[in-house]
Amino acid sequence: MIVLLPPSETKRPGGNGPALSLDTMSSPALNLTRAELVGELVGLAADPSAARQALGLSATQDVEIERNAALRTAPTLPAVHRYTGVLYDALDVESLSGAAVSRAQARLAVVSALFGLIRAGDQIPAYRLSAGSKLPGRPTLAARWKPALEAVLARVAEQELIVDLRSGSYAALGKVPGAVTVDVVAQDPDGRRVTVSHFNKAHKGRLARALVSTRSDPGDAAAVAAVARRAGMRVERRGDHLTVVVPT
């Protein structure tokens, strides 16, 4: 089983790993697009005004542009430790112990706008590039990633069940055939339901944690739902789609 996560806008700074090496990353079939995007971001950083416009930044966020300028030389961290924010706080990989640490390394993956599919242990620098970013004079990131990324994801899906926890913009970078998909809804005491936005990430983080904490290896949506229920989550299943129901 592979649990497919979205990245986060926020990244942990610094690191103690070596400089970025695409040749040591998983999914080498994606290295051509990775190298192109790294080069474009480094070049764009030389023009802060253009970089702000392309990346959706304000002048107070120029540190993000500085990170992009240093992509080739900055220290790295494993991807699962680089990303921060609501989902990753709920996942809380730092508190895992024993076999759960090994399962997290094996089961967690991220689809990044800069690197495509990466595994938990892939060493990456801090960077700024979102799925909706528009690099000057270039096609959308979805158009650039889809051909290679969908081929890689299809090969993974042939071997492993994929639980896709990505948000819409990152799911658009590459579809996954046969994946278990998940949404989160809030239900009030009268039974009315609304889609959860911000806290959607926290509940998906909880689910990801449950899926790396369990010793079982779910092979279908029903088994994933069973793991979530054992972790205290209320889950409904319709085919390969799961709905996590939380109180308002």
Side-chain angles (χ1 to χ4, degrees), residues 1-8 20-40 76 78-83 87-88 91 93 100-124 127 129-131 138-183 204 207-212 214-225 227 237 239-242:
M1 172 183 61
I2 299 297
V3 182
L4 202 56
L5 304 174
S8 61
L20 177 66
S21 172
L22 299 183
D23 291 338
T24 64
M25 294 181 71
S26 60
S27 302
L30 302 177
N31 280 352
L32 178 60
T33 304
R34 289 166 173 165
E36 289 176 350
L37 289 170
V38 167
E40 290 169 23
T76 57
V80 74
H81 297 294
R82 176 64 73 190
Y83 297 110
L87 187 152
Y88 290 88
L91 172 58
V93 292
V101 175
S102 297
R103 286 192 293 269
Q105 289 290 324
R107 293 178 177 179
L108 295 177
V110 178
V111 168
S112 155
L114 178 55
F115 297 115
L117 179 67
I118 52 179
R119 295 303 183 102
D122 281 332
Q123 297 276 349
I124 61 172
Y127 67 91
L129 184 68
S130 303
R138 303 294 290 156
T140 66
L141 290 172
R144 297 177 70 176
W145 273 121
K146 265 189 176 185
L149 182 57
E150 287 193 345
V152 168
L153 289 169
R155 287 194 293 271
V156 174
E158 290 174 356
Q159 304 295 324
E160 306 261 15
L161 176 72
I162 295 182
V163 181
D164 192 348
L165 302 183
R166 294 176 295 167
S167 54
S169 59
Y170 286 94
L173 298 182
K175 296 179 181 178
V176 186
V180 176
T181 56
V182 180
D183 69 347
K204 286 184 175 180
L207 177 58
R209 183 178 177 87
L211 291 172
V212 300
T214 183
R215 288 176 290 182
S216 66
D217 188 7
D220 56 26
V224 172
V227 170
R237 180 175 70 88
D240 288 333
H241 184 75
L242 303 182

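Two residues are said to be in side-chain contact when any heavy atoms from C-beta on lie closer than 4.5 Å; M25 and I118 meet this criterion. A heavy-atom distance below 4.5 Å is not found between the side chains of K204 and L5. In this structure, the side chains of P139 and W145 stay at 4.5 Å or more apart for every pair of heavy atoms. No side-chain heavy atom of L207 sits less than 4.5 Å from a side-chain heavy atom of V3. With a 4.5 Å cut-off on side-chain heavy atoms, F115 and L22 count as touching. In this structure, the side chains of L161 and V224 come closer than 4.5 Å at one or more pairs of heavy atoms. Here the side chains of R119 and I2 are in contact, with some heavy-atom distance below 4.5 Å. Annotation: side chain of L149 is not in contact with side chain of T33 (no heavy-atom distance under 4.5 Å).
Although no hydrogens or angles enter the test, the distance criterion places a donor-acceptor pair under 3.5 Å between the side chain of D122 and the main chain of S26. Using modelled atom types, no side-chain atom of R237 and backbone atom of A225 make a donor-acceptor pair closer than 3.5 Å. Checking side-chain atoms of R166 against main-chain N and O of V111 turns up no donor-acceptor pair under 3.5 Å.
In this structure, P7 and S112 approach most closely via the heavy-atom pair CG-CA, 4.3 Å. Minimum heavy-atom separation, A221 to L242: O-CD2, 3.9 Å. Here the closest heavy-atom approach between residue A113 and residue L173 is recorded as CA-CD1, 4.1 Å. Scanning all heavy atoms of the two residues, the minimum distance from R103 to V212 falls at NE-O, 2.9 Å. What you find for Y83 and V110 is that their closest heavy atoms are CE1-CG1, 3.9 Å. Across all their heavy atoms, R34 and L117 have their closest contact at NH2-O, 2.8 Å.
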Test side-chain contact (heavy atoms from CB on, under 4.5 Å) applied to L4 and L153, step by step: CA-CA 10 Å; L4 202 56; L153 289 169; 4.2 Å; yes
Working for side-chain contact (heavy atoms from CB on, under 4.5 Å), residues R107 and T214: CA-CA 11 Å; R107 293 178 177 179; T214 183; 3.7 Å; yes
Intermediate values then yes/no, side-chain contact (heavy atoms from CB on, under 4.5 Å), S216 and V227: CA-CA 8 Å; S216 66; V227 170; 3.8 Å; yes
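Put simply, CD1 on I124 and CG on L20 are 9.0 Å apart, with the number rounded to the nearest 0.5 Å. To the nearest 0.5 Å, the span separating CG on L141 from OH on Y170 amounts to 8.5 Å. Atoms CD and CG, on E36 and L114 in that order, are 12.0 Å from each other to the nearest 0.5 Å.
Applying the salt bridge (Lys or Arg N to Asp or Glu O under 4.0 Å) test to pairs two or more places apart or on separate chains, none has a residue in residues 168-179.
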